[in-house]
Amino acid sequence: MSVTTRREENVGFVEIDNPPVNAINQAVRQGLLDAVRWAEKEMLDRVIVTGAGRAFAAGADAKEFDKAPVEPHLPDVMNAIDESFVPWVAAINGVALGGGAEIAMACRMRIMAPGAQIGLPEVTLGVIPGAGGTARLPRLVGLEKALDMITGGKPLRAEAALAAGLVHMVDENPVDAAFMVNTEELGCIVPTWEFNPPEADADVLAAARERVAAKMSDQIAPQRAIDVIEHGLSVPFHEALKTERAAFIELKGGEQARALRHIFFAERAAKAPDWLDAAPVPLEQVAVVGGGTMGAGIAYALLNAGLSVTLLETDADGVERAKANVEKIVEASLKRGMIDAARAEDHRARLTVTDDYGQANKATLAIEAAFESMEVKRDVFAKLEAVLPADAILASNTSYLDVNEIASCVADPSRVVGLHFFAPAHIMKLLEIVNADATGDVALATGFALAKKLRKVPVLAGVCDGFIGNRILARYREAADTVLMDGSTPWEIDDAMVDFGYAMGLYETQDLSGLDISHANRRRQDATRDPNRRYIPIADRLVEMGKLGRKTGAGWYRYPGGGGKVADPIVADLALEEAHFAGITRVDYSEGEIRSRLLHAMINEAADLLDEGIAQSARDIDLVTVFGYGFPRWRGGLMHYADTLGAKAIVAQLEEYEKEDPLVWKVSPLLRRCAETDTPLADAKPSA
Ligand code: T1G
């Protein structure tokens, strides 16, 4: 049963029971509607509606969004509750999101448990509330608060919901409290749909439009929500519902909603593969080697997940630096209100920073985050192997080096796995779990168990230079540098990708991390670089000029102080000079031509990764690009976006670009297969 009913005296109890989070599917909608009719037939005093388990209701079942809507439609269920002569009381025991919040708002009264949350996150799925939320919420909390909640999608905790006037009471046991509410008092509350709408305050609406335009200009739903809310203030309630429903249906079928739903479910499907049935090692004591930016971030992420951490450094100075690095993150988290003083103290109590590896002798997992040098890593692994328990898992956070080579230095290489975190490690959700040739199932299972504990998005990657994300990034950079050499400027290239939806362009990002880092990486690759690939020396010239990026006040851009950046004519001249030396006749690319060249190079590399089995699925590549590399979430990830172009069109475009440079742009066998068989990349399989 998705909705159960029972009565006690003259009170009806309705429970939504659709594990795990009471998503509102057709059966729940029908059950609620039947419950309205049942309560009226029984002439009950009131109905108390709550959720079974940890949620009140997580919203409409998004799995139904790709199908034609089936009656009863949720707005009709809401109206039946709102207009019923038997008043309903929402006992909000857990999250009441989207349609869940709309059920609560259709009730006469709302009582919330202290740990519960209530909100309308529909815009995060590319839609707007579609069951009365845009009409009821402004009537309950006022226009400004409603606009903020609906365009931002962020839920309110109980005290904030009470202060906003969204709920009447906060109580440890909302069902009991609802049972005790005085019948007369309840009878005096006007049905929500009869509330007068707030004034259509032009300044408030304009401020909301400005905020949305500034922070999420690419996304359609937030802007559409404002229009629907505004319309709903000046027409009768039921007419407002019609406009809302039409907008919801239209958005639901659109590209952005499909892309956001794809990522929502892909993120939740990111778990250990079905074939992996080994148990992970217990995760209580973890060692981290290296207290630099990455190591400190990893250590903090572990502390924040309740684990105890021994952070290992090389000497006393290193220990002091590591302590300071972790403390900096603790202080920043305190300042942002992400943890309170008690939790900060608890984190500090579970952290040991030392240069004595022996103190890590109880760790069941060690994560090496030392300098990116094979020699350093092999030395660290030898020291770890000497002190940790024989079955402890040894992980490397290396972003480029060969995990097989690292594993070869320990007696039992099945203990070795790659755990590639992304900076800042305590914030970025992606975790590439690198499956080396000898990596055992226990090591892999431990990687996935750690990801779950840290609430990271785990993606299994095979061993290659750069694994999944950095290999795609390398192609992105190469294509950008090629376009830079052949005709554009760094700012034209960055603007093209920011207009596509990236928060920041490639060159500005390099200025942020420092040109010396990629310079060191290029030197490391000198010996093995393919001599046939064009080498673009512009970045090297900048490093030679001391232009290392933000930290030196200039890199690809100039940073004249005050946080802004300006185009640097010196850099534009450098590109002209190098193109001249190379005998290139530059081309004035349009923004679309720039964007297409970069994206096609990335898509092709991703197809190769899939074809070689380095990535297990197109969905995994979408997770990597969205959660690790800033690919716009509302485009669903690189491969979901590629499927909107279609393999045939991609192959035809790559064949054109191949004439310009057959190494930067070529056609992956997998792309050709998909084009020939009209197979979406989402369904593509490795060739082997
Ligand atoms: N529809 C379908 N499945 C859902 C779902 C939903 N709305 N929410 C969660 N699930 C599944 C999820 O895929 C996973 O499945 C399992 O439940 C546990 O989720 C008409 C149009 C509620 C805070 O946007 O934010 O209402 O992997 O791993 O970390 O106006 O789920 O187990 O097979 O995330 O404890 C609006 C989306 C919908 C809320 C719980 N609602 N959900 O987090 O568990 S649109 C939302 C969440 C709507 C109305 C409109 C979170 C959560 P599986 P989980 P969690």
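Indexing begins at 1, ligand by ligand and atom by atom, following the structure's order. Counting from 1, the numbers follow the sequence of the chain as shown.
Near R455, the atoms of ligand 1 lying under 4.0 angstrom from a non-hydrogen atom of the residue are 29 (O). In the vicinity of P129, heavy-atom distances shorter than 4.0 Å reach the ligand 1 atoms 30 (O).
Using a cut-off of 4.0 Å between Lys/Arg side-chain N and Asp/Glu carboxylate O, R37 and E40 are scored as salt-bridged. Using a 4.0 Å cut-off between charged side-chain N and carboxylate O, D66 and R261 make a salt bridge.
Summary of contacts: the protein heavy atom closest to atom 40 (C) of ligand 1 is V21 CG1, 4.1 Å. If you check which protein heavy atom lies closest to atom 13 (O) of ligand 1, you get R268 CD, 3.5 Å. The protein atom (non-hydrogen) at minimum distance from atom 45 (S) of ligand 1 is F65 CZ, 3.7 Å. With respect to atom 25 (O) of ligand 1, the closest heavy atom belonging to the protein is L97 CD1, 4.1 Å. Of the protein's non-hydrogen atoms, the one nearest atom 44 (O) of ligand 1 is R54 NH2, 3.9 Å. Among protein heavy atoms, the minimum distance from atom 15 (O) of ligand 1 is reached at K63 NZ, 4.5 Å. The single protein non-hydrogen atom nearest to atom 39 (C) of ligand 1 is A58 O, 3.3 Å, given as residue, atom name and distance.
Side-chain N/O atoms of Q223 and D227 include no donor and acceptor closer than 3.5 Å. H420 and N397 share no side-chain donor-acceptor pair at under 3.5 Å. Side-chain N/O atoms of Y641 and T625 include no donor and acceptor closer than 3.5 Å. Looking only at atom types and distance, the side chain of S308 has no donor-acceptor partner in the side chain of Q285 under 3.5 Å away.
Ligand 1 lies less than 4.0 angstrom from a heavy atom belonging to P121. For E64, the closest heavy-atom approach to ligand 1 does not fall below 4.0 Å. P20 counts as a contact of ligand 1, since one of its heavy atoms falls under 4.0 Å from the ligand.
Polar contact check, A60 against ligand 1: a nitrogen or oxygen pair lies under 3.5 Å apart. Polar contact with ligand 1: present for G130 (N/O pair, distance under 3.5 Å). Any N or O atom pair closer than 3.5 Å counts here, and T124 shares no such pair with ligand 1. Considering both main-chain and side-chain atoms, A62 comes within under 3.5 Å of ligand 1 through a nitrogen or oxygen pair. In terms of polar-atom proximity, G99 is counted as a contact of ligand 1, with an N or O under 3.5 Å from an N or O of the ligand.
Inside a 4.0 Å radius of atom 52 (C) of ligand 1 there is not any protein heavy atom. By the definition of a contact as any protein heavy atom under 4.0 Å away, atom 3 (N) of ligand 1 is in contact. Shown here, atom 33 (O) of ligand 1 is out of close reach of the protein: none of its heavy atoms lies under 4.0 Å off.
Judged as a ring pair (Phe, Tyr, Trp, His ring centres under 6.0 Å), the pairs with a partner in residues 616-638 (not counting sequence neighbours) are, in order, F422-Y629, F500-F631, Y502-F631.
Checked against side-chain hydrogen bond (donor to acceptor under 3.5 Å, both in side chains), R29 has the following partners two or more places apart in sequence or in another chain: E64.
Environment of CZ in R268: crowded, with over 12 heavy atoms of neighbouring residues, nucleotides or ligands closer than 6.0 Å. No more than 12 heavy atoms of other residues, nucleotides or ligands shown are found within 6.0 angstrom of CD on E172.
The shortest distance between side-chain heavy atoms of I189 and L186 falls below 4.5 Å.
Here the closest heavy-atom approach between residue R139 and residue W193 is recorded as NE-O, 4.1 Å.
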